[in-house]
Amino acid sequence: MAISLIVAAGGMGTRFDSGADKTETAPAQSKLFYSLQDKPILVHTLARFQNIPAITEVLVAVPQTSLPTVKRWSRTYQLKGIRWIKGGKTRAESVWNALRQLKQKNEWVMVHDGARPLVTPDDIKTLCREAARNGADGLVLARRVVPTLKKVAAESREIEHTVDRRDLYEAETPQLVRKKSLAAAYERHPDAFAATDEASLLEYMKAKVRVVTHTNWNPKITAYQDLKLAEAYLNGAAPALQRTGLGFDCHRLVPKRPLYLGGVKIPFSKGALGHSDGDALLHAITDALLGATGQGDIGEHFSDRKKKYKNIRSTKILESIMLKTRKLGWQVVNVDSNVILEKPRLGPRKRAIRRQIAKLLGIAEENVSVKAKTAEGLGAEGQGLAVRCEAIVTVRKVA
Ligand code: MG
C-alpha cells in the first residue's frame with residue numbers, strides 16, 4: 001500500500017507561551033519552531049516519518065509567514081521528499097488544503113499533528129500494517145484512558161458519577177484514513193473545518209474507524225511545560241553527545257589583495273595573502289569544526305599545494321566541510337570567535353559577518369559570536385601587517 005502523509009502544523013499555538021528558547025528568530029512563528037534538543041519541534045516530528053516505506057508523499061501545512069524559513073529546513077536538517085504548503089485557519093482547514101494538493105493517487109492518507117514529535121516509527125508502521133489487514137475506513141493511534149474520570153454538574157461542580165473508563169480511549173495521531181472517505185466527509189459534514197481530528201469527520205459519515213492502541217508516550221506539545229517534559233524525556237533516553245573544537249589562523253596583509261572575513265568582503269587598502277582568498281576567520285572556524293568532529297585540519301582537506309584550490313573562496317571550503325560534518329551526524333551548536341585586526345574597524349560589518357557564518361553553519365544568528373579586537377599597536381597585528389583569528393565551535397551528535 002502507498003500512503004500520502006499530511007502533517008498539520010498550521011496553527012500558531014495560542015496556548016503556548018514563552019519568550020525564550022526559539023530555534024529560529026523570525027517574527028510571528030508557530031510554537032513548532034521552538035527548540036527541542038537543538039532542533040525545531042517540527043523537524044523532530046518529520047524525522048520520525050522519514051524512513052517509513054509505505055509513505056510515498058509528504059505535505060506539511062505551516063503558517064504562511066513561516067514558509068520562507070521552513071523551506072531551508074529540508075537542506076539544513078536533511079529532510080527528504082517534503083512539500084511545504086500554506087496552512088488554514090484551523091487544523092481541519094489545513095488538512096483540507098493539503099488534501100486538495102496531493103499529487104499521488106494513493107488510497108490512504110495519514111494525518112499527523114506537527115506538535116507530536118515523539119511518535120515512534122514502530123507505531124507508525126503498526127498503523128500501516130493494520131490498515132492493510134482490516135477493512136476499516138480509518139485507524140487512529142490511541143491510548144487507553146488511565147485517570148479516574150468524574151462527571152460533574154456544570155454549575156455546582158458536584159460529582160454525579162464516575163465514568164466507566166473501560167471503553168474509553170484517547171485519540172492521538174497519526175490517523176490513517178481512506179482518502180475517498182475523508183474527502184466525502186469534508187463535503188458533507190456541516191461544520192467540517194471545526195473538526196479536531198479526522199476520525200470525528202469519518203464518524204459523522206458512519207464510516208468504520210478503529211483505534212490501534214499503543215503504550216509509548218506520544219504527547220501533543222500544547223503548553224511550554226510539555227516541551228520541557230519532552231526534552232527531559234529525550235535527554236533521559238539519549239543524552240546528546242557534545243564536542244568542542246579550537247581553531248586559529250593568521251594571514252599577512254598586503255596591497256592588491258581583497259580582504260575577506262567570515263565570507264564578507266571588507267573594503268580596505270590591503271588584503272590577506274594566501275593560496276585561497278585568505279579568509280582567516282572562516283579558516284579558524286573551519287579548523288575548529290574539523291577539530292570538534294575529529295576530521296583533521298584544513299590542509300588535509302584543501303592542500304595549499306594543489307593548483308585547483310588557488311584563490312578558492314573559503315565559503316566553498318566551509319560548505320564542503322559542513323557537508324562532511326552532517327554526513328557524520330554532527331550539528332553545530334554555536335561558534336565564538338575573535339578577530340585581531342588593527343584596521344579597518346569591523347563594527348559596521350559585524351552583523352553581516354555573523355549572518356553569513358550563521359548561514360554557512362545552518363544555525364541561528366544569535367549562536368554566532370564575532371568579537372573584534374585590536375592589538376594596541378603591538379606585534380605584527382598591531383602594526384597592521386597581519387590579521388589573526390581564533391574560533392571555538394561546539395557540535396552535537398544528532399544521528
Ligand atoms: Mg588560512
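As the structure lists them, so they are numbered: ligands from 1, and atoms in each ligand from 1.
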Trainee: Could you tell me how the ring of W73 sits relative to the ring of W84: parallel (under 30°), tilted (30 to 60°) or perpendicular (over 60°)?
Mentor: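 The rings of W73 and W84 stand perpendicular, inter-plane angle above 60°.
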Trainee: So does A92 get a backbone contact from the side chain of S94, meaning a donor-acceptor N/O pair under 3.5 Å?
Mentor: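 Between the backbone of A92 and the side chain of S94 there is no qualifying donor-acceptor contact (under 3.5 Å).
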Trainee: Could you pull out all residues at least two apart from Y204 that satisfy ring-ring contact (aromatic ring centres under 6.0 Å, His included)?
Mentor: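 Y204: ring-ring contact (aromatic ring centres under 6.0 Å, His included) contacts with H189.
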Trainee: Have a look around the Mg ion (ligand 1) and list protein N/O/S atoms under 2.8 Å, or say none.
Mentor: D249 OD2, H251 NE2, H283 ND1
Trainee: Please list, chain by chain and in numerical order, all residues satisfying salt bridge (Lys or Arg N to Asp or Glu O under 4.0 Å) with R166, sequence neighbours excluded.
Mentor: D164
Trainee: Look at the side chain of R396 and the backbone N and O of V333, then say whether any donor-acceptor pair between them is shorter than 3.5 Å.
Mentor: no
Trainee: Test of understanding: with salt bridge (Lys or Arg N to Asp or Glu O under 4.0 Å), list the residues that count as partners of E390, not counting sequence neighbours.
Mentor: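 Result, salt bridge (Lys or Arg N to Asp or Glu O under 4.0 Å) vs E390: R388.
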